[in-house]
Amino acid sequence: MSTIILEGLNERQREAVTAPPGPVLVLAGPGSGKTRVLTHRIAYLIGELNISPASILAVTFTNKAAREMRERLDKLIGPELAERVMMGTFHSVCARFLRRDIGHLDRGRQNPDQARNFVVYDSDDQLQLMRQVLKELRLDEKQYPPRQILSRISSAKNELISIAEYSRYARTYYEEIISRCYELYQRKLIANNALDFDDLLVETVRLFDQHPDVLQRYQKRYAHLLIDEYQDTNRAQYTLVKQLASAQRNLFVVGDEAQAIYGWRGADIRNILQFEDDFPDAKVILLEQNYRSTQPILDVAQAIIVASRQLKHSKSIWSERKDGLRVRLIETYDEGEEARFVADEIERLRAVSGASLNDFAVMYRTNAQSRALEEALISRGVPYRLIGGTRFYERKEIKDILAYMRLIHNPYDTVSFERVLNVPNRGIGDKTRDQLIQWAASLQIPPYTALQLLASDQEEDQEQRPAPSMPFASRQRAALQSFVALLDELIAARDQISLPELLDLTLERVNYHEALVREYGPDEGEERWENVLELRNVSFEYINFPREAQLPTFLEEVALVSDVDSLDQRRERDRDAVTLITLHQAKGLEYAVVFLVGLEEGLLPHSRSASEMDRLEEERRLLYVGVTRAKERLYLLYAFRRAQWGRYEATAPSRFLADIPTMLIERGPARPVEMVRQTSLFTHRSFGSNQSLAPGGTKRRGRSLSTAGQKNTKEQPQPTRTARFFAGQKVRHAQFGEGTVVTSRVLDDDEEVTVAFPGKGVKRLLAAFAKLEHIKD
DNA sequence: CCATTATGTTTTTTT
DNA sequence: AACATAATGG
């Protein structure tokens, strides 16, 4: 056995890495060396079992994870072998399969070669297309918000529900409308030779389903599958995995149900919970040792997660780093003070410990929360990097140029066509555009073909009046003709020059720099131009591809690579800066110091998730993910009031905070006294004391966070029985010894008590059953 | 057709 | 508060 493959792995990790081929489920707690296990597993398959790297397919959730895995594998087995392993996200892997085989599907049957040149629509493109759909169906956008319809269609696709099925099961009028939109939307996608994100998965599943011979080929080719973040797979992804794995059953999946946070986009936690039902002979391995965080941080994480009701595999994570700083809980007046606290604390810690700014991250639920933080950091001159937000590839100027590129690649793409038609302003207004579309529709040809017709017609009978079927005044005609001339020139140049040259030619021909300055003024115009130049830089990375492959490859990667892992960020990596990031994006990352801000009702849990149990539990897991990102220090923050849509609203601390035993937390106004505002203290105290009555009418004071944690007005169901246990009380359990009550819930005939036992962890018990006893202080 | 103004909407999270 | 779309007037 080559030692390097197993070096530095613990017993469990080794067991996972060296498990015989066949179904394997690795339940990996946060920080338990999951990526390590995956990479070493691949190395083991190649190095020990002599499996060809080309027959291994590793699927990750983000491009970033894929890249990281590849880098680590490089070091382990060398780049020659590593690069032959197929790695990528579900979406990018499917895109590659379809690039090759989409011709087998009916949508591509007529012209397989053209079908393979499909473009991938991002959410913005989808929106534009849906607008076209609504317009055509004469539906009011107010009544049927395109986003909402898209989200319903997306859910349907994620569940592999076809148009036929959807319309068959449509029960309400609204569903009926959606099914009609679904149908036309899909027809338009095909007409534009486009696939949306969901289609990448759905069409691949369909391909495998309808063409067993094709499936068989892929099954043979990829004899060993490894899937990361299995808890976040949706129905389509799950089906795909089963299809590919069903022949050889060499399926190695890694996941953690406690970190499932993508239910809102169709991920189904049951996929991981039922793995053993799907593969009864599966080997199941638990990775519980955490190498990232100190025990005090893990205690808080554990307290949050055990209060959940849904988790099946009880994992309890632990660390050898028993001592560490207690987690701090900070209340501030508003988001401004919250941000200033964070900025000050970063500066303070940096001064005393000499830590690098890269060691700090601030995490939040919604992107909008980054603003206050940015302001505070800017005012102190602390460099930061904002992950997500308006992504690079979603910026208008970038999308405009990309739309030109896509149109050059595929002039029948109507979404790009309409986007670019009057960018920059060339005198083709809404009316002219609609006329063109109408006219094209009446001839049953794509707008681009209609334009070509217009242009050729001009040449043939010059001086003639426009044919009656062409409803354009001469000025409009001229504008349209010059547009099509431009487009045709660029298309003609496409295969003659390199991608960067093509980009430059486009920018020059549309005078884009000048247009930006004209539209946005010199300052913002230049800033946006910088972004365009950035895109130009990216284009140089494709210069070594064969000429005709440069543009398609570029477009593909741009469509599937989000900013989290974009080239933009790659260059950023060595910059010393604080990271601002959403909780979702933070999954898989780690930082020495983490600030979790905005831990308030309505934000975490988010108000749109509060109504349903499953979504609420997902919010809890999101907090769990955030907490477990921290290696050394963790700060939990909430504000007394927060501005939303330009208006301040009083807030209540997140209910999840009430699940953390007080003794695990250090509460702290770690700010100078003069910063504490009288109003804040006063109002807050009265706010809190209103709430200090427990449901049963007994006072619960001080020791529990839950005193501050309850919402004031909302209906608290009145229990029929009075609670015997309250937060902060000391209790004794026969097996676990002495502990402190965290929360208690009265059930029909018993009481469910959550108790923190020092050294034993946090347990949920039924009071009568567990024979809990009170202890006098 | 375009610039200005009025009005409405947004914020959940992402491949 | 910030941004996008719709309405209005030049």
Side-chain angles (χ1 to χ4, degrees), chain A residues 59-66 88-95 120-124 126-127 131 140-142 145-148 151 154 157-158 195-202 229 232-234 236-237 260-267 335 363-372 375 387-391 393-394 396 422 424-435 473 475-476 479 518-519 556-566 581-587 598 602-610 615-616 618-619 621-623 625-626 642-648:
Chain A
V59 183
T60 58
F61 207 63
T62 63
N63 293 294
K64 181 176 177 159
T89 62
F90 273 105
H91 292 85
S92 68
V93 166
C94 286
V120 178
Y121 273 3
D122 70 10
S123 47
D124 196 57
Q126 290 179 275
L127 197 63
R131 291 218 164 103
D140 183 10
E141 284 195 13
K142 295 272 157 49
R147 277 171 209 283
Q148 236 175 72
S151 115
S154 174
K157 287 185 177 179
N158 286 327
L195 278 78
D196 65 19
F197 279 127
D198 303 318
D199 283 341
L200 291 171
L201 307 173
V202 173
E229 308 280 15
D232 284 328
T233 51
N234 62 33
Q237 292 163 332
I261 55 175
Y262 283 98
W264 53 273
R265 75 177 208 210
E335 74 273 12
M363 302 178 185
Y364 37 80
R365 177 67 231 267
T366 67
N367 281 307
Q369 289 170 258
S370 70
R371 173 152 300 170
E375 280 170 14
I387 314 281
T390 29
R391 298 189 183 82
Y393 290 114
E394 282 170 17
K396 204 161 137 218
N422 198 30
N425 276 336
R426 51 170 72 89
I428 305 174
D430 294 354
K431 208 170 147 217
T432 311
R433 184 199 59 204
D434 285 349
Q435 274 173 2
R475 204 162 78 198
Q476 297 172 315
R518 181 155 30 89
E519 185 163 358
E556 168 121 352
E557 297 202 3
V558 157
L560 295 177
V561 167
S562 77
D563 215 29
V564 197
D565 31 50
S566 80
I581 192 169
T582 64
L583 287 164
H584 281 89
Q585 291 189 105
K587 186 159 77 160
L603 220 41
L604 191 81
H606 196 273
S607 51
R608 305 184 64 140
S609 300
R615 321 200 76 204
L616 195 67
E618 185 158 304
E619 301 281 309
R621 296 192 291 267
L622 200 48
L623 177 58
V625 167
R642 183 172 297 270
Q644 205 176 17
W645 294 332
R647 204 162 245 124
Y648 274 104

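Computed from heavy atoms alone, side chains included, the values below leave out hydrogens, waters and symmetry copies. Throughout, a chain's letter reflects where its sequence line sits, starting with A, and its residues are numbered from 1.
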- Message: Quick check: any donor-acceptor pair below 3.5 Å linking the side-chain of A:Arg365 to the base of B:dT13?
- Response: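 In this structure, the two groups form a donor-acceptor pair.
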
- Query: The side chain of A:Thr89 lies closest to which of these nucleotides: B:dT13, C:dA1, B:dT15?
  - Reply: B:dT15

- Selection from B:dT14, B:dT12, B:dC1 that lies nearest to any side-chain heavy atom of A:Gln585: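 For A:Gln585, the side-chain atoms sit closest to B:dT14.
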
Does any non-hydrogen side-chain atom of [Y] lie less than 4.5 Å from one of [X]?
X        : Y        : value
A:Tyr121 : A:Leu195 : no
A:Leu583 : A:Ile261 : no
A:Phe61  : A:Thr233 : no
A:Arg642 : A:Leu603 : yes

I need the [X] [atom1] to [Y] [atom2] distance, nearest 0.5 Å.
X        : Y        : atom1 : atom2 : value
A:His584 : A:Trp264 : NE2   : CH2   : 5.5 Å
A:Leu623 : A:Met363 : CG    : CE    : 11.5 Å
A:Glu618 : A:His606 : CD    : NE2   : 13.0 Å
A:Glu141 : A:Arg131 : CD    : CZ    : 4.5 Å

Between [X] and [N], is there a side-chain N or O to OP1/OP2 distance below 4.0 Å?
X        : N      : value
A:His91  : B:dT15 : no
A:Ser123 : B:dT15 : no
A:Gln369 : B:dT11 : no
A:Ser92  : B:dT15 : no
A:Arg265 : B:dT14 : no
A:Asn367 : B:dT13 : yes

Roughly, in whole Å, what's the span from [atom1] in [X] to [atom2] in [N]?
X        : N      : atom1 : atom2 : value
A:Glu619 : B:dT11 : CD    : C1'   : 13 Å
A:Glu375 : C:dA1  : CD    : P     : 11 Å
A:Arg433 : B:dC1  : CZ    : C1'   : 13 Å
A:Phe197 : B:dT15 : CZ    : P     : 8 Å
A:Tyr262 : B:dT12 : OH    : P     : 16 Å
A:Arg608 : B:dT13 : CZ    : C1'   : 11 Å
A:Asp434 : B:dC1  : CG    : C1'   : 14 Å
A:Leu603 : B:dT11 : CG    : C1'   : 9 Å

- With the sugar-phosphate defined as primed atoms, P, OP1 and OP2, and the base as all remaining atoms, what B/S/- string results for nucleotides 3-10 of chain C, 5' to 3', for protein heavy atoms under 4.0 Å? --S-----

- Task: Please figure out whether A:His584 or A:Gly429 has its closest DNA chain B nucleotide nearer the 5' end.
- Result: A:Gly429

- Nearest-nucleotide comparison on DNA chain B, the residue closer to the 5′ end among A:Asn422 and A:Ser607: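 Going by which nucleotide is closer to the 5' end, it is A:Asn422.
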
- Query: For A:Trp264 and B:dT13, is the gap between ring centres under 5.5 Å while the planes differ by less than 30°?
  - Reply: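 Here A:Trp264 meets both the 5.5 Å and the 30° conditions.
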
- Query: Looking across every strand, which nucleic acid part, if any, lies under 4.0 Å from A:Phe61 by heavy atom: base, sugar-phosphate, or nothing?
  - Reply: sugar-phosphate

